[in-house]
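Report on one structure; see the data block that follows.
Lettering of chains follows the sequences in order, A, B, ..., and the numbering in each one begins at 1.
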Amino acid sequence: MTQRRFLVTAALPYSNGRLHVGHIAGAYLPADTYVRYLRSTGADVRFICGSDDNGVAALKTAKEQGRSVEELTASYNAAQARDFAGLRIEFDIYGGTHQPEYVRVHERFSQDFFLKINAKGLFTKKSSKQLFDTQVNQFLPDRFVRGTCPFCKSDRAYGDQCENCGRAMDQTALLNPLSLMTQSTPVLRKTIHWYLRLDRMQSKLSEWLASKKDIAASGASWRSTVLNQSLGRIEAEGLPERAMTRDLTWGVPVPLDDPDAKGKSLYVWFDAPIGYVSFTAALCEKNGEGADAYAHWWKDTNCKIVHFIGEDNIVFHAITWPAMMLATHDSNDTQGVSGEYQLPHNVVANSFLNIKFPGQEEQKISKSRGMAVWIEDYLQQFDADPLRYYLTAVAPENARTAFDFDDFVSRNNGELLNAFGNFFNRTITFAHKYFDGKVPQRGTLEAVDVEQLNRCKVAVDRTGAELEACHFKGALAEVMALARSGNGYFDVTKPFLSRKTDMAACGRGINICLQTARTLTTLVAPFLPTIGENCARMLQLGEGWQRWSRACEAIADGQALGAAVILVKKLETTDLIADPH
RNA sequence: GGCGGCGUAGCUCAGUUGGUUAGAGCGUGGGAUUCAUAACCCCAAGGUCUCCGGUUCGAACCCGGACGCCGCUACCA
């Protein structure tokens with residue numbers, strides 16, 4: 001069997017803020033778990049991420065904080081990289097679309113993309129009128145202009161939507177517009193932009209998405225929310241042309257020798273997904289694999305591209321980004337033939353995570369109101385794995401869920417510690433106490449032992465199947481079920497009694513418990529890497545213990561065991577950062 | 001308005017080629033046990049699967065409708 005190959009990406013975080021638990025639960029943790037699992041099956045994988053530095057939002061934040069945008073994005077890029085490392089979310093590369101090391105390669109790829117699409121005639125150049133602030137010499141994004149709603153006459157309307165009646169509108173329809181940058185009255189001015197002909201790719205995209213409904217045929221478990229939302233959008237509204245340039249100097253310059261392109265940048269949503277490609281190229285270069293090695297991942301029909309994102313990114317990753325790649329194709333093949341950009345194998349989206357502070361109602365995570373649990377703060381007090389466990393256990397895979405402080409403590413203590421940690425602890429300490437720290441003789445198995453070994457095999461298959469389908473919550477539940485079965489087996493075979501009457505039976509029981517622990521070690525590692533390593537150390541497993549195919553490999557009689565270590569610490573509610581600010 | 005999602009035990013949620021007594025964890029009640037970070041194990045109670053109608057021999061599941069909650073609706077990641 002040939003080696004499977006995957007290019008896995010996690011959404012580029014915008015580099016004007018810190019990371020909180022919602023970001024992690026949405027895209028990064030499931031992606032990291034998936035990558036660790038794939039590698040354990042022997043697949044060749046590259047795991048790509050980096051910050052999204054371009055666009056007007058970074059400029060706005062920089063202005064508010066009185067820093068240069070370069071400094072701002074560099075500092076948040078570094079902070080995000082630290083947070084990921086602290087959680088053991090380990091990308092092969094963490095780039096940044098405007099970071100000094102990556103900006104050149106990123107501009108090159110983005111501009112090549114733009115030029116290729118332009119050459120294929122899939123842009124329309126046309127003019128429109130937009131509000132312009134003459135004091136700062138800048139066109140105003142919708143949210144930067146406020147005025148009176150043309151429908152309900154409320155004065156709480158922004159350029160995109162009225163806060164009072166909720167109706168959406170065009171910014172030019174706003175009465176008495178006011179620039180929020182300078183409080184001055186903006187003027188209407190003509191501007192020219194390049195529009196991507198999404199309408200020309202609509203039918204292909206629609207067929208492509210529809211083909212993903214059949215899991216067996218497409219070989220990928222697309223979540224129905226991703227398909228329904230994307231297909232629903234196309235069917236309901238069709239795909240109009242969308243502007244892919246902006247009047248902005250912070251970003252990737254529009255690469256055209258055209259006076260109309262002067263002072264314009266690519267739309268941040270155009271260049272951001274290309275970051276996945278440019279960072280891959282940077283990684284290949286870093287590895288000394290040459291300038292064209294990225295094509296091995298992006299333009300090879302044998303490589304599967306999987307994007308992990310939050311629900312807010314669905315239409316961009318399931319429609320716009322595939323459309324961009326499609327627009328570069330010379331062939332008529334929707335997926336793309338070898339040598340062309342390959343459309344994603346899967347786009348895995350989670351819903352948002354709400355938050356519930358003790359004594360308060362569940363609410364949306366909010367940066368501005370301080371209603372968030374920041375990774376930086378969390379890591380000052382706790383280890384990565386308890387958070388990884390909790391965020392996987394309550395993962396918003398089908399619907400929104402909430403980070404609840406009390407629930408976090410109770411799941412850590414009641415599930416991870418009492419079920420999983422305790423099973424290892426009682427098994428290892430027993431072996432040290434009564435078998436000199438060595439794996440006791442297995443001897444002749446009885447039905448109850450065979451059953452337990454069989455549970456291990458079944459757990460490996462089930463956990464693997466769930467992970468292949470990106471059902472992380474269900475996969476973790478299978479692992480925990482095996483840990484619980486280990487506790488059940490321990491209680492049924494009662495080695496603490498047989499040690500006084502029948503050492504052979506006692507040893508057999510502990511041997512089977514250690515064997516269960518060995519399987520658990522491999523199964524838990526993609527979810528909880530540090531705990532997995534500690535398990536492996538206690539069992540003194542050699543190199544390659546992560547290999548999925550070796551999860552049930554027999555642990556040898558007489559093998560020495562490592563010292564028992566505490567896998568999971570007990571948490572008190574008072575340990576928590578309960579202050580929402 | 002349009003599109004999409006959700007509504008299953010006290011709580012958090014699983015649950016599709018529609019089919020015997022609807023599942024798990026936590027919580028509660030009872031029992032058992034001592035190897036273990038007083039952890040574990042067993043048993044039990046607890047559900048008109050939001051409501052109404054339809055299709056069907058049979059519906060939590062399919063269809064129509066109602067009610068409630070939520071998201072998206074692309075220049076602000």
Side-chain angles (χ1 to χ4, degrees), chain A residues 11-17 51-58 60 128 130-131 139-145 158-161 166-168 170-171 180 191 193 198 224-225 227-237 239-240 242-248 267-269 272 310-316 319-320 351-352 354 364 393-394 397-402 404 406-407 410-411 413-415 417-419 421-434 471 473-474 477 480-481 484 486-492 494-497 499 506 509-510 513 564 566-570:
Chain A
L12 305 189
Y14 203 68
S15 56
N16 72 339
S51 63
D52 177 7
D53 305 320
N54 294 324
V56 71
K60 187 181 177 219
S128 64
Q130 264 195 292
L131 293 170
F139 282 97
L140 295 169
D142 288 343
R143 276 276 148 181
F144 284 47
V145 45
Y158 290 88
D160 54 347
Q161 191 178 31
R167 266 177 280 224
D170 190 279
Q171 63 166 217
L180 291 178
T191 182
H193 285 297
L198 290 169
S224 56
T225 50
L227 291 173
N228 290 343
Q229 215 179 103
S230 307
L231 281 167
R233 172 71 65 87
I234 294 175
E235 282 159 24
E237 304 172 15
L239 294 176
R242 290 291 170 188
M244 291 294 146
T245 55
R246 290 290 183 276
D247 290 291
L248 199 69
Y267 174 36
V268 63
W269 268 116
E311 66 176 331
D312 52 338
N313 281 346
I314 287 176
V315 290
F316 287 99
I319 296 178
T320 315
S351 295
F352 281 145
N354 286 345
K364 290 182 195 175
V394 302
E397 289 178 2
N398 297 318
R400 289 196 168 193
T401 56
D404 177 329
D406 295 331
D407 196 33
S410 95
R411 282 178 184 269
N413 295 347
E415 297 180 12
L417 194 169
N418 290 349
N422 178 48
F423 174 64
F424 262 83
N425 194 244
R426 68 197 301 205
T427 300
I428 300 287
T429 55
F430 198 102
H432 275 286
K433 230 165 165 174
Y434 302 107
H471 297 161
K473 203 190 234 182
M480 294 305 292
R484 290 195 175 92
N487 281 321
Y489 172 85
F490 201 114
D491 282 300
V492 165
K494 300 188 193 336
F496 43 85
L497 294 186
R499 75 178 169 83
C506 176
I510 292 302
C513 283
I566 295 297
L567 287 174
V568 187
K569 283 185 224 144
K570 184 158 198 160

The ring pair (Phe, Tyr, Trp, His ring centres under 6.0 Å) partners of Phe139(A) (sequence neighbours excluded) come to Phe132(A)

Residue set satisfying salt bridge (Lys or Arg N to Asp or Glu O under 4.0 Å) with Lys473(A), at least two apart, ordered chain then number -> none

- Task: Quick one: label Pro141(A) by what it contacts on the DNA or RNA (base, sugar-phosphate, nothing), any heavy atom closer than 4.0 Å.
- Result: sugar-phosphate

Residues at least two apart in sequence or cross-chain that pass side chain to side chain contact (heavy atoms under 4.5 Å, CB included) with Thr225(A), listed by chain then number, are Arg223(A)

Sorted by chain and residue number, the side chain to side chain contact (heavy atoms under 4.5 Å, CB included) partners of Ser224(A) (sequence neighbours excluded) come out as Asn228(A)

Asn425(A) side-chain N/O to Ile566(A) backbone N/O, donor-acceptor pair under 3.5 Å = no

Taken in chain and number order and not counting sequence neighbours, the residues that satisfy ring pair (Phe, Tyr, Trp, His ring centres under 6.0 Å) with Tyr434(A) are Phe430(A)

Worksheet item: How would you label the contact of Leu131(A) with the nucleic acid (heavy atoms, under 4.0 Å): base, sugar-phosphate, or nothing?
Response: nothing

Sorted by chain and residue number, the ring pair (Phe, Tyr, Trp, His ring centres under 6.0 Å) partners of Tyr14(A) (sequence neighbours excluded) come out as none

Pairing partner of G68(B), by Watson-Crick or G-U wobble and under 3.5 Å for both distances, is C6(B)

- Query: Is any side-chain nitrogen or oxygen of Lys364(A) closer than 4.0 Å to OP1 or OP2 of G71(B)?
  - Reply: yes

If I pick the P atom on G53(B) and the same atom on G58(B), what distance separates them, to the nearest angstrom?
15 Å

I'd like the P distance from G47(B) over to A39(B), given in whole Å. 29 Å

Between G4(B) and C42(B) - C1' atom distance, rounded Å: 45 Å

Protein heavy-atom contacts under 4.0 Å, written 5' to 3' over nucleotides 28-40 of chain B as B (base), S (sugar-phosphate only) or - (none), form the string -----SSBBB-SB

key: Integer angstrom distance from the C1' of A22(B) to that of U55(B)   = 22 Å

Just call it for Thr320(A): base, sugar-phosphate, or nothing, with non-hydrogen atoms closer than 4.0 Å on any strand.
base

With sequence neighbours left out, the residues meeting salt bridge (Lys or Arg N to Asp or Glu O under 4.0 Å) with Asp312(A) are none

Over all strands shown, is Val315(A) touching base, sugar-phosphate only, or nothing at heavy-atom distances under 4.0 angstrom? nothing

B/S/- along nucleotides 2-9 of chain B (protein heavy atoms under 4.0 Å) is SSSS----

Asp53(A) and Ala58(A) have their tightest heavy-atom pair at O-CB, 3.6 Å

